[in-house]
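Below: one structure, written as C-alpha coordinates.
What you are looking at is a predicted structure, and each value in this text was computed from that prediction instead of being measured.
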Amino acid sequence: MNVPLGFRIETFQNEYLPADATRVDAVVTVTTTGGGATPASGGAAEVIIVDCSGSMDHAYGKLTAAKNATAAAISAVRDGVDFAVVAGTEKARMVYPTTPTLITATPANKADAIAAVGQLRAGGGTAIGAWLRLARQLFGNRGGLRHAILLTDGRDEHETPQQLDAEIAASTGVHVCDCRGVGTDWEIAELRKISTALLGTCDIVADPADLVADFQAMTAAAMGKSVADVALRLWTPRGATVEFVKQVAPELLDLTGRRTETGTQTGEYPTGAWGRAESRDYHICIEVTPGGVGDVMLAGRDTLVRGSGDRTEVLGQGLIKAVWTDDVTQSSKISPEVAHYTGQAELAEAIQEGLTARRDGDLDTATRKLGRAVQIAAASGNTDTATLLESVVNVLDARTGTVRLKSAVRKADEMTLDTRSTKTSRVHKR
(Lines give C-alpha, C1' and ligand atoms only; values in the text may rest on other atoms or scores of the structure.)
Protein backbone atom coordinates (compact mmCIF):
# COMPACT_ATOMS: atom_id res chain seq x y z
CA MET A 1 0.00 0.00 0.00
CA ASN A 2 1.36 3.42 -0.99
CA VAL A 3 1.86 6.06 1.69
CA PRO A 4 0.76 9.53 0.51
CA LEU A 5 3.64 11.87 -0.23
CA GLY A 6 4.34 14.27 2.63
CA PHE A 7 6.33 17.52 2.69
CA ARG A 8 8.57 19.02 5.35
CA ILE A 9 9.67 22.67 5.24
CA GLU A 10 12.67 24.03 7.14
CA THR A 11 13.84 27.64 7.20
CA PHE A 12 17.48 28.61 7.68
CA GLN A 13 18.43 32.23 8.28
CA ASN A 14 20.00 34.70 10.66
CA GLU A 15 16.89 36.62 11.64
CA TYR A 16 18.86 39.26 13.56
CA LEU A 17 19.47 42.47 11.62
CA PRO A 18 21.33 45.66 12.52
CA ALA A 19 19.22 48.78 13.02
CA ASP A 20 17.89 50.21 9.74
CA ALA A 21 18.79 47.06 7.75
CA THR A 22 16.22 46.21 5.07
CA ARG A 23 17.36 42.94 3.46
CA VAL A 24 16.09 39.62 4.78
CA ASP A 25 17.60 36.41 3.37
CA ALA A 26 16.46 32.86 4.04
CA VAL A 27 17.08 29.42 2.61
CA VAL A 28 13.99 27.22 2.62
CA THR A 29 14.50 23.47 2.37
CA VAL A 30 11.61 21.34 1.11
CA THR A 31 11.90 17.60 1.63
CA THR A 32 9.40 14.89 0.73
CA THR A 33 8.54 12.02 3.00
CA GLY A 34 6.71 8.77 2.29
CA GLY A 35 5.08 8.47 -1.09
CA GLY A 36 4.66 5.71 -3.61
CA ALA A 37 5.20 5.58 -7.35
CA THR A 38 1.58 6.03 -8.40
CA PRO A 39 0.32 9.60 -8.98
CA ALA A 40 -2.20 10.67 -6.37
CA SER A 41 -4.59 12.17 -8.91
CA GLY A 42 -4.83 13.15 -12.54
CA GLY A 43 -2.72 10.31 -13.92
CA ALA A 44 0.53 10.79 -15.81
CA ALA A 45 1.67 11.44 -19.36
CA GLU A 46 5.03 11.15 -21.11
CA VAL A 47 6.09 12.53 -24.51
CA ILE A 48 9.49 11.65 -25.99
CA ILE A 49 10.76 14.04 -28.69
CA VAL A 50 13.59 12.72 -30.87
CA ASP A 51 15.63 14.87 -33.24
CA CYS A 52 15.55 13.20 -36.66
CA SER A 53 17.20 16.01 -38.64
CA GLY A 54 19.80 15.17 -41.25
CA SER A 55 22.74 15.85 -38.93
CA MET A 56 21.67 12.96 -36.69
CA ASP A 57 22.83 10.56 -39.40
CA HIS A 58 26.11 12.23 -40.29
CA ALA A 59 28.51 10.71 -37.77
CA TYR A 60 29.09 8.93 -34.49
CA GLY A 61 25.97 6.74 -34.78
CA LYS A 62 23.79 9.41 -33.16
CA LEU A 63 20.50 8.28 -34.70
CA THR A 64 21.09 4.64 -33.77
CA ALA A 65 21.96 5.70 -30.22
CA ALA A 66 18.88 7.95 -30.07
CA LYS A 67 16.63 5.09 -31.22
CA ASN A 68 18.10 2.76 -28.63
CA ALA A 69 17.70 5.41 -25.93
CA THR A 70 14.09 6.10 -26.91
CA ALA A 71 13.34 2.38 -26.80
CA ALA A 72 14.82 2.25 -23.29
CA ALA A 73 12.70 5.23 -22.24
CA ILE A 74 9.55 3.62 -23.62
CA SER A 75 10.33 0.44 -21.69
CA ALA A 76 10.67 2.52 -18.52
CA VAL A 77 7.23 4.12 -18.93
CA ARG A 78 4.97 2.64 -16.28
CA ASP A 79 2.00 0.63 -17.55
CA GLY A 80 -1.13 2.77 -17.40
CA VAL A 81 0.71 6.01 -18.19
CA ASP A 82 -0.34 7.79 -21.39
CA PHE A 83 2.56 8.35 -23.77
CA ALA A 84 3.64 9.28 -27.29
CA VAL A 85 6.80 9.54 -29.39
CA VAL A 86 7.44 12.53 -31.67
CA ALA A 87 10.05 12.90 -34.43
CA GLY A 88 11.46 16.39 -34.92
CA THR A 89 12.84 17.95 -38.09
CA GLU A 90 11.80 21.30 -39.60
CA LYS A 91 8.36 20.11 -38.50
CA ALA A 92 7.06 17.66 -35.90
CA ARG A 93 5.38 14.38 -36.74
CA MET A 94 3.91 11.53 -34.77
CA VAL A 95 5.94 8.32 -34.56
CA TYR A 96 3.68 6.45 -32.15
CA PRO A 97 0.77 6.48 -32.15
CA THR A 98 0.44 7.71 -35.73
CA THR A 99 -2.42 10.07 -34.89
CA PRO A 100 -1.85 13.18 -32.73
CA THR A 101 -2.97 11.72 -29.44
CA LEU A 102 -1.56 9.95 -26.40
CA ILE A 103 -1.95 6.21 -25.94
CA THR A 104 -2.01 4.20 -22.73
CA ALA A 105 1.15 2.24 -22.01
CA THR A 106 0.65 -1.52 -22.10
CA PRO A 107 3.24 -4.19 -22.90
CA ALA A 108 1.79 -4.51 -26.41
CA ASN A 109 1.62 -0.77 -27.05
CA LYS A 110 5.16 -0.24 -25.80
CA ALA A 111 6.42 -3.03 -28.06
CA ASP A 112 4.66 -1.42 -31.05
CA ALA A 113 6.16 1.97 -30.14
CA ILE A 114 9.66 0.50 -29.96
CA ALA A 115 9.15 -1.11 -33.36
CA ALA A 116 8.02 2.22 -34.82
CA VAL A 117 11.05 3.99 -33.38
CA GLY A 118 13.27 1.38 -34.99
CA GLN A 119 12.05 2.56 -38.41
CA LEU A 120 13.10 6.19 -37.90
CA ARG A 121 15.30 7.76 -40.55
CA ALA A 122 17.20 11.04 -40.48
CA GLY A 123 16.60 13.91 -42.87
CA GLY A 124 15.51 17.53 -42.78
CA GLY A 125 16.13 20.53 -40.57
CA THR A 126 15.58 21.63 -36.98
CA ALA A 127 12.63 23.65 -35.65
CA ILE A 128 12.41 22.98 -31.92
CA GLY A 129 9.45 25.28 -31.39
CA ALA A 130 7.37 23.10 -33.71
CA TRP A 131 8.36 20.04 -31.67
CA LEU A 132 7.28 21.73 -28.45
CA ARG A 133 4.01 22.81 -30.05
CA LEU A 134 3.03 19.25 -30.88
CA ALA A 135 3.97 18.11 -27.37
CA ARG A 136 1.83 20.89 -25.89
CA GLN A 137 -1.11 19.86 -28.07
CA LEU A 138 -0.70 16.24 -27.01
CA PHE A 139 -0.79 17.15 -23.32
CA GLY A 140 -3.78 19.44 -23.88
CA ASN A 141 -5.55 20.59 -20.73
CA ARG A 142 -5.04 17.36 -18.81
CA GLY A 143 -4.03 17.43 -15.17
CA GLY A 144 -1.66 15.18 -13.30
CA LEU A 145 1.98 14.61 -14.12
CA ARG A 146 3.07 15.82 -17.56
CA HIS A 147 6.66 15.22 -18.62
CA ALA A 148 8.57 15.48 -21.88
CA ILE A 149 12.08 14.49 -22.95
CA LEU A 150 13.59 16.54 -25.77
CA LEU A 151 16.75 15.36 -27.56
CA THR A 152 18.59 17.33 -30.22
CA ASP A 153 22.05 17.44 -31.77
CA GLY A 154 21.81 20.84 -33.44
CA ARG A 155 20.73 24.44 -33.35
CA ASP A 156 17.21 25.75 -33.94
CA GLU A 157 17.91 26.86 -37.52
CA HIS A 158 14.59 26.46 -39.32
CA GLU A 159 12.45 28.93 -37.40
CA THR A 160 13.04 32.37 -35.93
CA PRO A 161 14.13 32.94 -32.31
CA GLN A 162 10.82 34.73 -31.84
CA GLN A 163 8.89 31.63 -32.93
CA LEU A 164 10.80 29.48 -30.45
CA ASP A 165 10.31 32.01 -27.66
CA ALA A 166 6.58 32.19 -28.36
CA GLU A 167 6.23 28.41 -28.12
CA ILE A 168 8.27 28.27 -24.93
CA ALA A 169 5.90 30.86 -23.44
CA ALA A 170 2.85 28.89 -24.63
CA SER A 171 4.25 25.66 -23.15
CA THR A 172 5.13 27.18 -19.78
CA GLY A 173 3.00 25.53 -17.12
CA VAL A 174 1.71 22.86 -19.52
CA HIS A 175 4.45 20.31 -18.84
CA VAL A 176 7.94 19.77 -17.49
CA CYS A 177 10.65 19.25 -20.12
CA ASP A 178 14.08 17.68 -19.65
CA CYS A 179 16.41 18.65 -22.50
CA ARG A 180 19.47 16.79 -23.73
CA GLY A 181 22.01 17.80 -26.34
CA VAL A 182 23.95 14.97 -27.96
CA GLY A 183 27.36 15.70 -29.41
CA THR A 184 28.79 19.24 -29.49
CA ASP A 185 26.95 21.06 -32.31
CA TRP A 186 23.90 22.18 -30.34
CA GLU A 187 23.34 25.50 -28.58
CA ILE A 188 23.47 25.48 -24.77
CA ALA A 189 21.58 28.76 -24.45
CA GLU A 190 18.64 27.42 -26.47
CA LEU A 191 18.14 24.25 -24.47
CA ARG A 192 18.80 26.01 -21.16
CA LYS A 193 16.10 28.56 -22.04
CA ILE A 194 13.62 25.75 -22.67
CA SER A 195 14.48 23.69 -19.59
CA THR A 196 14.45 26.75 -17.32
CA ALA A 197 11.02 27.89 -18.47
CA LEU A 198 9.60 24.37 -18.32
CA LEU A 199 11.18 23.51 -14.94
CA GLY A 200 13.27 20.69 -16.34
CA THR A 201 16.95 19.86 -16.58
CA CYS A 202 19.48 20.55 -19.31
CA ASP A 203 22.55 18.41 -19.88
CA ILE A 204 25.04 17.29 -22.49
CA VAL A 205 25.51 13.72 -23.63
CA ALA A 206 28.81 14.12 -25.44
CA ASP A 207 29.10 10.43 -26.29
CA PRO A 208 26.00 8.98 -28.01
CA ALA A 209 26.77 5.65 -26.34
CA ASP A 210 25.70 7.22 -23.02
CA LEU A 211 22.20 8.11 -24.24
CA VAL A 212 20.53 4.86 -23.21
CA ALA A 213 21.49 5.15 -19.55
CA ASP A 214 20.57 8.84 -19.52
CA PHE A 215 17.12 8.30 -21.05
CA GLN A 216 16.43 5.42 -18.68
CA ALA A 217 17.34 7.60 -15.69
CA MET A 218 15.20 10.55 -16.87
CA THR A 219 12.17 8.39 -17.51
CA ALA A 220 12.55 6.52 -14.23
CA ALA A 221 12.76 9.85 -12.40
CA ALA A 222 9.62 11.08 -14.14
CA MET A 223 7.76 7.86 -13.33
CA GLY A 224 8.78 8.31 -9.69
CA LYS A 225 6.90 11.59 -9.35
CA SER A 226 3.60 11.41 -7.53
CA VAL A 227 2.50 15.01 -6.90
CA ALA A 228 2.28 17.52 -9.76
CA ASP A 229 1.85 21.29 -10.06
CA VAL A 230 3.21 22.21 -6.64
CA ALA A 231 3.81 25.92 -5.99
CA LEU A 232 5.67 27.90 -3.36
CA ARG A 233 3.28 30.60 -2.12
CA LEU A 234 4.96 33.61 -0.54
CA TRP A 235 3.20 36.23 1.58
CA THR A 236 5.08 39.40 2.53
CA PRO A 237 3.99 42.33 4.70
CA ARG A 238 2.78 45.65 3.32
CA GLY A 239 5.65 47.72 1.97
CA ALA A 240 7.91 44.72 1.41
CA THR A 241 9.39 43.77 -1.97
CA VAL A 242 10.43 40.29 -3.05
CA GLU A 243 13.89 40.73 -4.56
CA PHE A 244 14.12 37.15 -5.78
CA VAL A 245 13.06 33.55 -5.29
CA LYS A 246 15.56 31.02 -6.63
CA GLN A 247 15.88 27.28 -6.46
CA VAL A 248 19.50 26.81 -5.42
CA ALA A 249 19.75 23.02 -5.05
CA PRO A 250 20.11 20.56 -6.60
CA GLU A 251 20.69 23.14 -9.32
CA LEU A 252 20.15 26.85 -9.88
CA LEU A 253 16.78 27.91 -11.28
CA ASP A 254 15.59 31.52 -10.99
CA LEU A 255 11.84 31.55 -10.31
CA THR A 256 11.54 35.29 -9.69
CA GLY A 257 9.95 36.09 -13.04
CA ARG A 258 7.53 33.16 -12.74
CA ARG A 259 5.50 34.77 -9.94
CA THR A 260 1.72 34.65 -10.24
CA GLU A 261 -0.21 37.05 -8.03
CA THR A 262 -2.74 35.09 -5.97
CA GLY A 263 -3.91 37.55 -3.32
CA THR A 264 -3.09 40.64 -1.35
CA GLN A 265 0.71 40.72 -0.89
CA THR A 266 0.81 37.08 -1.99
CA GLY A 267 2.29 35.37 -5.02
CA GLU A 268 3.09 31.82 -6.12
CA TYR A 269 6.18 30.38 -7.75
CA PRO A 270 5.99 27.03 -9.61
CA THR A 271 8.15 24.15 -8.39
CA GLY A 272 6.89 21.41 -10.72
CA ALA A 273 6.37 17.78 -9.78
CA TRP A 274 7.74 15.92 -6.77
CA GLY A 275 8.50 12.32 -5.90
CA ARG A 276 9.65 10.51 -2.81
CA ALA A 277 13.03 11.18 -1.18
CA GLU A 278 13.40 14.55 -2.90
CA SER A 279 14.94 17.61 -1.32
CA ARG A 280 15.29 21.05 -2.85
CA ASP A 281 16.58 24.34 -1.45
CA TYR A 282 15.18 27.79 -2.26
CA HIS A 283 16.85 31.14 -1.55
CA ILE A 284 14.32 33.88 -0.79
CA CYS A 285 15.37 37.54 -0.52
CA ILE A 286 12.93 40.18 0.72
CA GLU A 287 13.40 43.94 1.12
CA VAL A 288 11.36 45.23 4.08
CA THR A 289 10.68 48.54 5.73
CA PRO A 290 13.54 49.05 8.24
CA GLY A 291 12.75 48.61 11.91
CA GLY A 292 14.21 50.01 15.09
CA VAL A 293 16.12 48.14 17.77
CA GLY A 294 13.81 45.62 19.42
CA ASP A 295 11.30 45.52 16.57
CA VAL A 296 10.18 42.08 15.39
CA MET A 297 8.58 41.41 12.00
CA LEU A 298 7.18 38.46 10.13
CA ALA A 299 9.00 39.20 6.88
CA GLY A 300 7.49 36.34 4.94
CA ARG A 301 5.31 33.26 5.12
CA ASP A 302 6.25 30.49 2.67
CA THR A 303 3.59 27.89 2.02
CA LEU A 304 3.81 24.89 -0.28
CA VAL A 305 0.49 24.40 -2.06
CA ARG A 306 -1.17 22.35 -4.77
CA GLY A 307 -4.26 23.42 -6.67
CA SER A 308 -5.92 26.82 -6.71
CA GLY A 309 -8.86 28.70 -5.27
CA ASP A 310 -11.18 26.67 -3.08
CA ARG A 311 -9.35 23.48 -4.09
CA THR A 312 -5.97 24.58 -2.76
CA GLU A 313 -4.23 21.98 -0.61
CA VAL A 314 -1.60 23.19 1.84
CA LEU A 315 1.37 20.81 1.89
CA GLY A 316 3.62 22.64 4.35
CA GLN A 317 4.49 26.05 5.74
CA GLY A 318 7.47 28.03 7.07
CA LEU A 319 8.11 31.50 8.48
CA ILE A 320 10.78 34.09 7.62
CA LYS A 321 11.48 36.51 10.46
CA ALA A 322 13.29 39.79 11.04
CA VAL A 323 14.48 41.00 14.46
CA TRP A 324 16.37 44.29 14.69
CA THR A 325 19.10 44.45 17.31
CA ASP A 326 22.05 46.56 18.41
CA ASP A 327 23.96 43.42 19.40
CA VAL A 328 26.71 43.25 16.79
CA THR A 329 27.53 39.67 17.73
CA GLN A 330 24.03 38.57 16.74
CA SER A 331 23.56 40.76 13.66
CA SER A 332 26.98 40.14 12.12
CA LYS A 333 26.53 36.38 11.82
CA ILE A 334 25.96 35.19 8.27
CA SER A 335 23.68 32.22 7.83
CA PRO A 336 25.88 29.37 6.53
CA GLU A 337 23.11 28.28 4.19
CA VAL A 338 22.64 31.76 2.71
CA ALA A 339 26.39 32.27 2.36
CA HIS A 340 26.85 28.87 0.71
CA TYR A 341 24.20 29.34 -1.96
CA THR A 342 25.20 32.93 -2.64
CA GLY A 343 28.60 31.46 -3.42
CA GLN A 344 27.12 28.74 -5.65
CA ALA A 345 25.30 31.40 -7.69
CA GLU A 346 28.56 33.32 -8.06
CA LEU A 347 30.29 30.09 -9.08
CA ALA A 348 27.89 29.49 -11.98
CA GLU A 349 28.17 33.11 -13.10
CA ALA A 350 31.97 33.05 -12.95
CA ILE A 351 32.12 29.88 -15.07
CA GLN A 352 29.75 31.16 -17.73
CA GLU A 353 31.44 34.57 -17.91
CA GLY A 354 34.89 32.98 -17.94
CA LEU A 355 34.04 30.62 -20.79
CA THR A 356 32.47 33.46 -22.79
CA ALA A 357 35.61 35.56 -22.30
CA ARG A 358 37.78 32.62 -23.38
CA ARG A 359 35.77 32.16 -26.58
CA ASP A 360 36.01 35.92 -27.25
CA GLY A 361 39.80 35.88 -26.83
CA ASP A 362 39.79 37.92 -23.60
CA LEU A 363 42.23 35.65 -21.84
CA ASP A 364 42.85 37.94 -18.83
CA THR A 365 39.15 38.03 -17.94
CA ALA A 366 38.83 34.31 -18.62
CA THR A 367 41.73 33.53 -16.29
CA ARG A 368 40.36 35.77 -13.55
CA LYS A 369 36.79 34.46 -13.74
CA LEU A 370 37.70 30.78 -14.01
CA GLY A 371 40.25 31.23 -11.22
CA ARG A 372 37.51 32.64 -9.01
CA ALA A 373 35.31 29.67 -9.95
CA VAL A 374 38.07 27.25 -8.90
CA GLN A 375 38.39 29.09 -5.59
CA ILE A 376 34.64 28.96 -4.84
CA ALA A 377 34.31 25.31 -5.90
CA ALA A 378 37.17 24.30 -3.63
CA ALA A 379 35.94 26.32 -0.65
CA SER A 380 32.33 25.11 -0.96
CA GLY A 381 33.15 21.46 -1.49
CA ASN A 382 31.66 21.34 -4.98
CA THR A 383 34.01 18.58 -6.11
CA ASP A 384 32.07 17.75 -9.30
CA THR A 385 32.44 21.29 -10.63
CA ALA A 386 36.04 21.47 -9.43
CA THR A 387 36.83 18.38 -11.51
CA LEU A 388 35.13 19.83 -14.60
CA LEU A 389 37.09 23.08 -14.20
CA GLU A 390 40.33 21.12 -14.37
CA SER A 391 39.49 20.22 -17.96
CA VAL A 392 39.85 23.88 -19.04
CA VAL A 393 42.45 25.27 -16.60
CA ASN A 394 45.59 24.10 -14.86
CA VAL A 395 45.03 24.71 -11.15
CA LEU A 396 48.13 26.13 -9.48
CA ASP A 397 46.51 27.03 -6.14
CA ALA A 398 42.82 26.28 -5.58
CA ARG A 399 42.74 28.19 -2.30
CA THR A 400 43.72 31.48 -3.95
CA GLY A 401 42.14 30.73 -7.33
CA THR A 402 45.46 30.83 -9.17
CA VAL A 403 45.07 29.08 -12.52
CA ARG A 404 46.53 28.96 -16.00
CA LEU A 405 44.29 28.51 -19.04
CA LYS A 406 44.89 25.34 -21.01
CA SER A 407 45.89 26.04 -24.58
CA ALA A 408 43.92 23.15 -26.01
CA VAL A 409 40.50 22.24 -24.66
CA ARG A 410 38.09 19.70 -26.10
CA LYS A 411 34.80 21.29 -27.11
CA ALA A 412 32.93 18.54 -25.26
CA ASP A 413 34.76 19.40 -22.03
CA GLU A 414 34.01 23.11 -22.38
CA MET A 415 30.34 22.47 -23.12
CA THR A 416 30.04 20.02 -20.21
CA LEU A 417 31.44 22.62 -17.81
CA ASP A 418 29.08 25.29 -19.17
CA THR A 419 26.01 23.05 -19.15
CA ARG A 420 26.61 21.76 -15.63
CA SER A 421 27.68 25.09 -14.13
CA THR A 422 24.21 25.44 -12.59
CA LYS A 423 24.47 22.20 -10.62
CA THR A 424 25.23 23.01 -7.00
CA SER A 425 26.65 21.24 -3.98
CA ARG A 426 24.32 20.90 -1.02
CA VAL A 427 25.08 22.86 2.11
CA HIS A 428 25.73 20.87 5.29
CA LYS A 429 22.60 21.42 7.37
CA ARG A 430 22.94 22.30 11.02
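Side-chain contact, T266 with E261: no donor N or O sits under 3.5 Å from an acceptor N or O. With no hydrogens or angles considered, a side-chain donor-acceptor pair links S421 and Q352 at under 3.5 Å. With no hydrogens or angles considered, a side-chain donor-acceptor pair links D82 and T104 at under 3.5 Å. Judged by distance alone, the side chains of T256 and D254 do bring a donor and an acceptor atom under 3.5 Å apart. A donor-acceptor pair shorter than 3.5 Å can be found between the side chains of Y269 and R259. Checking S279 against R426 by side-chain atom types alone, a donor-acceptor pair falls below 3.5 Å. Checked by atom type, the side-chain pair S335/Q13 shows no donor-acceptor distance below 3.5 Å. Between the side chains of D178 and T201, at least one donor N or O sits under 3.5 Å from an acceptor N or O. Using a 3.5 Å distance cut-off with no hydrogens or angles, the side chains of T126 and D156 do not pair a donor with an acceptor.
You'll find the ring centres of Y341 and H283 outside the 6.0 Å limit. The six-membered or imidazole ring of Y16 lies away from that of W324, with a centre-to-centre distance of 6.0 Å or more.
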Taking it one step at a time, do T29 and T31 satisfy side-chain contact (heavy atoms from CB on, under 4.5 Å)? CA-CA 6 Å; T29 295; T31 305; 3.7 Å; yes

Could you please spell out the steps behind the salt bridge (Lys or Arg N to Asp or Glu O under 4.0 Å) verdict for R258 and E268? CA-CA 8 Å; R258 300 290 303 277; E268 292 183 3; over 6 Å; no

How far apart are the C-alpha atoms of D185 and S55, what are their side-chain angles, what is the distance that settles it, and do they pass the side-chain contact (heavy atoms from CB on, under 4.5 Å) test? CA-CA 9 Å; D185 294 326; S55 59; over 6 Å; no

For side-chain contact (heavy atoms from CB on, under 4.5 Å), just list the numbers for L199 and L253, CA-CA rounded to whole Å, side-chain angles, deciding distance to a tenth of an Å, and then say yes or no. CA-CA 8 Å; L199 300 178; L253 185 62; 3.8 Å; yes

Please walk me through it: do V409 and R358 pass side-chain contact (heavy atoms from CB on, under 4.5 Å)? CA-CA 11 Å; V409 176; R358 184 182 179 280; 3.1 Å; yes

Derivation and outcome, salt bridge (Lys or Arg N to Asp or Glu O under 4.0 Å), residues K110 and D79: CA-CA 9 Å; K110 290 193 287 186; D79 286 352; 3.0 Å; yes

Go through the steps for T303 and Q317 under the test side-chain hydrogen bond (donor to acceptor under 3.5 Å, both in side chains), then give the verdict. CA-CA 4 Å; T303 307; Q317 188 174 93; 3.1 Å; yes

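The structure places OG1 of T365 at 4.5 Å from CZ of R368, a figure rounded to the nearest 0.5 Å. A distance of 12.0 Å separates CG of L417 from CG of D384, quoted to the nearest 0.5 Å. Between the CD1 atom of I334 and the OG1 atom of T342 there is a distance of 9.0 Å, given to the nearest 0.5 Å. The CD1 atom of I351 lies 5.5 Å from the OG1 atom of T385; values are rounded to the nearest 0.5 Å. In this structure, NZ on K411 lies 6.0 Å from CE on M415, to the nearest 0.5 angstrom. L319 contributes atom CG, which lies 6.5 Å from atom CZ of R301 (distance to the nearest 0.5 angstrom).
Within the 3.5 Å criterion, the main-chain N or O of G129 finds a donor-acceptor partner in the side chain of E159. Under a 3.5 Å cut-off, the side chain of E90 and the backbone N or O of H158 do not form any donor-acceptor pair. Put simply, the side chain of N14 gets close to the backbone of K333: a donor and an acceptor are under 3.5 Å apart. Put simply, the side chain of T152 gets close to the backbone of G154: a donor and an acceptor are under 3.5 Å apart. Side-chain atoms of T160 come within 3.5 Å of backbone atoms of Q163 as a donor-acceptor pair (strictly under, hydrogens ignored). In terms of modelled atom types and a separation under 3.5 Å, the side chain of T402 and the main chain of A398 share no donor-acceptor contact. Judged purely by atom type and a 3.5 angstrom limit, E190 has no side-chain atom pairing as donor or acceptor with the backbone of E187.
Residues L252 and A348 come closest through the heavy atom pair CD1-CB, 3.5 Å. The minimum heavy-atom distance between L63 and C52, with the atom names listed, is CD1-SG, 4.5 Å. Here the closest heavy-atom approach between residue C177 and residue L132 is recorded as SG-CD2, 4.5 Å. Here the closest non-hydrogen pair linking P336 and V427 is O-CG2, 4.0 Å. When all heavy atoms of N382 and S425 are compared, the closest pair comes out as ND2-N, 3.5 Å. Looking at every heavy atom in both residues, A373 comes nearest to L347 through O-CD1, 3.2 Å.
A cation-pi arrangement is present between R280 and W274 under the rule of less than 6.0 angstrom and at most 45 degrees off the ring axis.
Between I284 and V24 there is no side-chain heavy-atom pair separated by less than 4.5 Å. V86 is not listed as a side-chain neighbour of V95, based on a closest heavy-atom distance of 4.5 Å or more. T424 is not listed as a side-chain neighbour of T422, based on a closest heavy-atom distance of 4.5 Å or more. V28 has its side chain out of reach of F12: every pair of non-hydrogen atoms, C-beta onward, lies at least 4.5 Å apart. Put simply, the side chain of L388 does not reach to within 4.5 Å of the side chain of D413, judged on heavy atoms. R420 places a side-chain heavy atom less than 4.5 Å from the side chain of I204. Counting heavy atoms from C-beta on, the side chains of W131 and E167 never come closer than 4.5 Å. Between T33 and L5, the closest side-chain pair of non-hydrogen atoms is not below 4.5 Å.
With L315 as the fixed residue, the side-chain contact (heavy atoms from CB on, under 4.5 Å) test singles out one of V230, V305, V30: V230.
At a threshold of 4.0 Å, the pair E278-R276 does not count as salt-bridged, since none of the basic side-chain nitrogens sits closer than that to a carboxylate oxygen. Using a cut-off of 4.0 Å between Lys/Arg side-chain N and Asp/Glu carboxylate O, R192 and D418 are scored as salt-bridged. Ion pairing between R23 and D25 holds under the 4.0 Å rule for side-chain N and carboxylate O. A salt bridge is absent between R78 and E46; no separation between the charged side-chain nitrogens and carboxylate oxygens falls under 4.0 Å. Here D214 pairs with R180 in a salt bridge; the nearest charged N to carboxylate O distance falls below 4.0 Å. Salt bridge annotation for K62-D51: absent, with no cationic side-chain nitrogen under 4.0 angstrom from a carboxylate oxygen.
Taking a 6.0 Å sphere around NZ of K423, one finds it holds more than 12 heavy atoms contributed by other residues, nucleotides or ligands. Annotation for R359: atom CZ counts as buried by contact number, over 12 foreign heavy atoms lying within 6.0 Å. Around the NZ atom of K321, the shell of radius 6.0 Å holds no more than 12 heavy atoms that belong to other residues, nucleotides or ligands. More than 12 non-hydrogen atoms from other residues, nucleotides or ligands lie less than 6.0 angstrom from NZ of K406.
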